[in-house]
Amino acid sequence: MRVGDINKDNYKVFQQLLNIKNTKPLDDLFDKDEDKVGKNLSYEELAAKLYASGDVLEGMLVRPGDVSWKKIVPVPDWIKKAVIDHIREVIITNHNGTRSTEDGDKGSAIKLDYIKTLPPSERLSASWTLGRIASAEDQRMDAHIKANFPDWKPGQSFDSSIFDDWKPGYELDENHLDIKA
């Protein structure tokens, strides 16, 4: 088996990674008799089944071994701001740097609403870019908390007033993501 192949032992991980809510199509494919598991299911066949079922947004299934979509691409400032504002809201509102599943769902919904407006061929890279923006801002805010409270650990409360003058910032091009203070 090659890295990235979907099989009966790892398909549930792919469902989680792709945020697939309705798991029935893949469960049906992989939970059947050993001889009918779809052992020779090609990427194209799997993609067609998942897209037809509506469980995966077209263009969002990763071809095993393909990493060409992992690149920073231009995205509008309004979506960058929405993603960063969501990260800020979660961290400041919780006062302890922790994130809940509900927070993750809201963040995913923000990105998904934008991703749906793009042609399928652009969706993975845009999603990757927004994920890098969110991750960079999250790390930047955690560093700011630790700079103000050196003994702080995720899950511990902190005084959120340290973010009263917080200015999110980023420089983005196709080669790198640079979050500015």
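Scanning for side-chain hydrogen bond (donor to acceptor under 3.5 Å, both in side chains) contacts around T117 gives an empty result, with sequence neighbours left out.
Salt bridge D77/K80: present, at least one basic N to carboxylate O contact under 4.0 Å.
Remark: the backbone N or O of I162 is paired with a side-chain donor or acceptor of H144 at under 3.5 angstrom. Here the side chain of R123 pairs no donor or acceptor atom with the backbone of L57 at under 3.5 angstrom. In this structure, Y51 contributes its side chain and G59 its backbone to a donor-acceptor pair below 3.5 Å. Remark: side-chain polar atoms of T129 are paired, donor with acceptor, to backbone N or O of K71 under 3.5 angstrom. Formation of a donor-acceptor pair under 3.5 Å by the E122 side chain with backbone atoms of P119 is not found in this model.
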**Request:** Let me see the working for V75 and V83 under side-chain contact (heavy atoms from CB on, under 4.5 Å), right down to the final yes or no.
**Result:** CA-CA 11 Å; V75 294; V83 168; over 6 Å; no
**Request:** Evaluate side-chain contact (heavy atoms from CB on, under 4.5 Å) for L61 paired with L124, printing each intermediate quantity in order.
**Result:** CA-CA 8 Å; L61 193 60; L124 277 172; over 6 Å; no
**Request:** Go through the steps to decide whether W128 and V73 satisfy the test side-chain contact (heavy atoms from CB on, under 4.5 Å), and finish with yes or no.
**Result:** CA-CA 9 Å; W128 172 263; V73 296; over 6 Å; no
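The aromatic rings of Y114 and W78 lie perpendicular to each other, with more than 60° between the two planes, well past the 30° mark. F158 and F149 have tilted rings, their planes meeting at an angle from 30° to 60° on a 0 to 90° scale.
To the nearest 0.5 Å, atom OG of residue S161 and atom CD1 of residue I92 are 10.0 Å apart. Once rounded to the nearest 0.5 Å, the distance linking CD1 of I84 with NE2 of H86 reads 12.5 Å. We find the CD1-CD1 distance between I91 and I145 to be 5.5 Å, quoted to the nearest 0.5 Å. Residue K81 holds its NZ atom at 9.0 Å from CZ of R88, rounded to the nearest 0.5 Å.
The minimum heavy-atom distance linking S127 with I115 is given by the pair N-CD1, 3.5 Å.
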